[in-house]
Amino acid sequence: MGGRRGEVRQRRVYEAPEAGDGVRVLVDRLWPRGVAKDAARLDEWCKDVAPSKELRTWYGHRAERYEEFAERYRAELAVSPAAEALGRLRGYAAAGPLTLLTATKDVELSHVAVLVEVLGE
């Protein structure tokens, strides 16, 4: 069962790959602990689209800061090198399903949720 063009999924990198994942891209700045590079089955490790260290540290996955985090992260995505990386992700999504992978525990309150929104716009 394959995915559709324009479909963007978000999953944890620790989950087993699925047939319908399409292009699998890790969108974290740091390599996830305990994951062997060959076991991750990635098509790309796209560090440039991840939030800056400063923004990530400020946010600290505190739910009350999510809205402001999302706003600041969108601003980071608008400038180089993140803007170019975002363009590559748009290309992958246009060609078929795209799965964005992260080590983050709460994907719904992470940069990946923001990325999915931005790619859908």
Side-chain angles (χ1 to χ4, degrees):
M1 179 163 140
R4 299 181 319 271
R5 283 184 197 188
E7 182 181 358
V8 180
R9 302 171 180 196
Q10 52 191 21
R11 300 184 58 212
R12 294 193 71 222
V13 71
Y14 302 105
E15 297 172 34
E18 293 180 0
D21 281 350
V23 176
R24 293 171 48 87
V25 180
L26 178 65
V27 292
D28 289 347
R29 197 161 296 276
L30 305 172
W31 186 261
R33 284 190 184 146
V35 176
K37 291 201 175 176
D38 56 344
R41 300 227 334 251
L42 299 177
D43 293 293
E44 183 177 346
W45 178 14
C46 190
K47 297 179 205 176
D48 289 339
V49 81
S52 66
K53 181 182 188 292
E54 295 76 23
L55 180 57
R56 208 174 64 241
T57 301
W58 171 83
Y59 176 43
H61 293 281
R62 302 218 295 270
E64 68 274 10
R65 290 187 174 178
Y66 181 75
E67 292 303 319
E68 187 176 346
F69 164 76
E71 223 173 275
R72 291 183 184 190
Y73 180 43
R74 283 174 175 270
E76 286 187 357
L77 289 172
V79 297
S80 293
E84 288 81 3
L86 189 59
R88 277 199 317 280
L89 295 180
R90 281 196 169 104
Y92 292 146
L98 168 64
T99 300
L100 302 177
L101 301 167
T102 183
T104 305
K105 286 185 180 122
D106 190 350
V107 178
E108 296 303 317
L109 287 177
S110 76
H111 67 291
V112 179
V114 178
L115 261 178
V116 169
E117 283 178 19
V118 169
L119 289 167
E121 292 168 355

Taking Arg74 for its side chain and Val114 for its backbone only, find out whether a donor-acceptor pair lies under 3.5 Å.
no
With a 4.5 Å cut-off on side-chain heavy-atom distances among I, L, V, M, F, W and Y, is there a chain of contacts connecting Val107 to Leu77?
yes
Would you mind reporting whether Tyr92 and Pro97 have side-chain heavy atoms less than 4.5 Å apart?
no
Heavy-atom donor-acceptor pair, Thr104 side chain to Asp106 backbone, under 3.5 Å
no
Just so I know, are the side chains of Leu115 and Tyr73 near enough to count as touching, which here means a heavy-atom distance under 4.5 Å?
yes
I'd like to know if Val49 and Val13 are part of one continuous hydrophobic network [Ile/Leu/Val/Met/Phe/Trp/Tyr, side-chain heavy atoms within less than 4.5 Å].
no
pair Arg12-Leu101: side-chain heavy atoms closer than 4.5 Å
no
Quick check for you: to the nearest 0.5 Å, what is the distance between Arg24 atom CZ and Leu42 atom CG?
6.5 Å
When you measure from the side chain of Ser52 to the backbone N and O of Leu55, does any donor-acceptor pair fall under 3.5 Å?
yes
Just do the side chain to side chain contact (heavy atoms under 4.5 Å, CB included) check on Val118 and Arg90 with the steps written out, would you?
CA-CA 10 Å; Val118 169; Arg90 281 196 169 104; 3.6 Å; yes
Give a yes-or-no answer on whether the side chains of Tyr59 and Glu68 include a donor-acceptor pair shorter than 3.5 Å.
no
With hydrophobic residues grouped by side-chain heavy-atom distances under 4.5 Å, do Leu109 and Tyr14 end up in a single group?
no
Does the Arg65 side chain pair with the main chain of Trp58, one donor and one acceptor, at a distance under 3.5 Å?
yes
Measure from the side-chain N and O atoms of Arg29 to the backbone N and O of Ala50, and report whether any donor-acceptor pair falls under 3.5 Å.
yes
Report yes or no: do Val112 and Tyr66 belong to one cluster of Ile/Leu/Val/Met/Phe/Trp/Tyr joined by side chain heavy-atom distances under 4.5 Å?
yes
Taking all non-hydrogen atoms of both residues into account, name the closest pair between Ala85 and Cys46 and its distance.
CB-SG, 3.6 Å
For His111 and Val27, indicate whether the former's side chain and the latter's backbone hold a donor-acceptor pair under 3.5 Å.
yes
Can you tell me if Asp28 uses its side chain to pair, donor with acceptor, with the backbone of Ala103 under 3.5 Å?
yes
Can you find a heavy atom in the side chain of Leu89 that is under 4.5 Å from one in the side chain of Val23?
no
Glu18 side, atom CD; Arg41 side, atom CZ - distance, nearest 0.5 Å:
10.5 Å
Donor-acceptor pair, Arg9 side chain versus Gly20 backbone, under 3.5 Å?
yes
Please check if the side chain of Arg11 supplies one atom and the backbone of Ala16 the other of a donor-acceptor pair under 3.5 Å.
yes
From CZ (Arg56) to OG (Ser110), nearest 0.5 Å
12.5 Å
Just how far is it from atom CD of Gln10 to atom CG of Leu98, taken to the nearest 0.5 Å?
11.0 Å
Path from Trp45 to Val25 over hydrophobic side-chain contacts below 4.5 Å
no
